[in-house]
Amino acid sequence: GVPVDVVLVDSNNFHTFQPLLYQVATAGLDSDDIAHPVRGIVARQGGDIDVRLGTVTSIDLAGRSVGFDDAPSLSYDDLVLAAGAVSATYGVPGVAEHAFGLKNLADALTLRAHVLHQFERVSVDRSLIEEGALNFVVAGGGPTGVELAGGLVELFDRVLVKDFPALDVRKARVVLVEPSDRLLATFSPRLSGMARSTLAGRGVEVVLGVGVAGTDGKV
């Protein structure tokens, strides 16, 4: 092996496979299916790798040290930053306060709980359907938005229709909003067209050329 000491620092003690977060959000997978213990992963790699749980709060480049919120600082010779991803609001009013992100496991579980709670509410009070309680708007027609929209209709049609037999689950709406003129803008136009037709065939309402102006979080 290479004669180096490696310290892996993370605020979580598990690694999340982010491409499948939408499956957790739509109850297709459990959290354990896409989140694996970091220590177990690095142990299989061999070598001298130390895992430290902590949140980095500062970096002293001149002194070559990393500061933490509740632990002693860590000195280093070479530093690799892998910051991960966070949800972007793009300055749209109300998004930070009321919308649901999908960048980590907590986001996925929160979103799933919200979707299921909406169906529970409607099963008690059908009038909430007319107020939009079963209208789910997905903002952004990139890979995550497309997968989430498709996963939601599958959840409704294959699972919740059985769990709520007295409820007309067909009244649930999934609306995918994309400000550009096609879905999956980073892919070929042919794939964009296929994605749109597939989603439409499953009952997703695809709205192109329209951006989200804001949300007040109601319903």
Side-chain angles (χ1 to χ4, degrees), residues 15-31 33-35 82-116 118-119 129 132-161 168-219:
H15 169 70
T16 303
F17 187 66
Q18 288 186 318
L20 289 181
L21 281 172
Y22 83 97
Q23 287 275 21
V24 175
T26 56
L29 293 174
D30 289 328
S31 57
D33 294 324
I34 69 166
V86 295
S87 296
T89 66
Y90 298 102
V92 179
V95 170
E97 297 84 358
H98 306 298
F100 295 86
L102 192 56
K103 291 292 192 231
N104 56 52
L105 199 55
D107 288 344
L109 294 173
T110 298
L111 178 56
R112 180 169 72 184
H114 172 74
V115 171
L116 298 178
Q118 291 300 95
F119 276 86
I129 296 178
L134 294 185
N135 295 346
F136 301 92
V137 178
V138 180
T144 300
V146 167
E147 290 168 337
L148 178 61
L152 285 172
V153 293
E154 285 188 2
L155 171 64
F156 301 164
D157 296 343
R158 299 181 183 182
V159 179
L160 298 188
V161 70
D168 187 0
V169 175
R170 292 173 300 177
K171 292 186 177 180
R173 298 174 59 198
V174 177
V175 183
L176 178 58
V177 180
E178 166 56 42
S180 68
D181 60 356
R182 64 186 179 97
L183 302 176
L184 302 177
T186 58
F187 294 80
S188 71
R190 182 181 67 86
L191 290 177
S192 296
M194 290 176 59
R196 181 179 182 180
S197 61
T198 299
L199 288 177
R202 293 183 178 182
V204 176
E205 301 172 40
V206 179
V207 179
L208 299 176
V210 177
V212 175
T215 176
D216 58 10
K218 293 183 179 180
V219 180

Chi angles and distances behind the side chain to side chain contact (heavy atoms under 4.5 Å, CB included) call for Val137, Val177: CA-CA 7 Å; Val137 178; Val177 180; 3.9 Å; yes
Heavy-atom closest pair, residues Leu184 and Ser192: O-OG, 3.2 Å
side-chain contact (heavy atoms from CB on, under 4.5 Å) partner of Glu178, chosen from Val138, Val146, Leu208: Leu208
Heavy-atom side-chain contact between Leu160 and Leu116 under 4.5 Å: yes
Point-to-point distance, once rounded to the nearest 0.5 Å, from CG of Leu29 to OH of Tyr22: 8.0 Å
Note, Arg173 side chain near Glu205 side chain (heavy atom, < 4.5 Å): yes
Enclosure of Arg112 CZ (heavy-atom neighbours >12, cutoff 6.0 Å): yes
Shortest non-hydrogen separation from Leu155 to Ala27 and the atoms involved: CD1-CB, 4.0 Å
Nearest-0.5 Å distance, OG1 of residue Thr110 to CZ of residue Phe100: 7.5 Å
Heavy-atom pair of closest approach, residues Ser180 and Ala185: OG-CB, 4.5 Å
Minimal non-hydrogen separation, Val204 against Ala149, with atom names: CG2-O, 3.8 Å
Straight-line distance of Thr144 OG1 to Leu21 CG, nearest 0.5 Å: 8.0 Å
Straight-line distance of Gln23 CD to Leu148 CG, nearest 0.5 Å: 10.5 Å
Short side-chain donor-acceptor distance under 3.5 Å, Gln18 and Thr16: no
Minimum side-chain heavy-atom gap Phe119-Val169 below 4.5 Å: yes
Sidechain-backbone polar pair: Asn104 side chain, Asp107 backbone, donor-acceptor under 3.5 Å: yes
Close side-chain approach of Leu20 and Asp33, heavy atoms under 4.5 Å: no
Test item: Gln118 side-chain N/O and Leu134 main-chain N/O as donor-acceptor pair under 3.5 Å: no
Aromatic plane relationship, Phe136 with His114 - under 30° parallel, 30 to 60° tilted, over 60° perpendicular: perpendicular
Pair Thr26-Val115, side chain to side chain contact (heavy atoms under 4.5 Å, CB included): steps then yes or no: CA-CA 8 Å; Thr26 56; Val115 171; over 6 Å; no
Heavy-atom closest contact (Leu176 atom, Leu199 atom, distance): CD2-CD1, 3.7 Å
Exercise: identify the closest heavy-atom pair between Ala25 and Leu111: CB-CD2, 3.8 Å
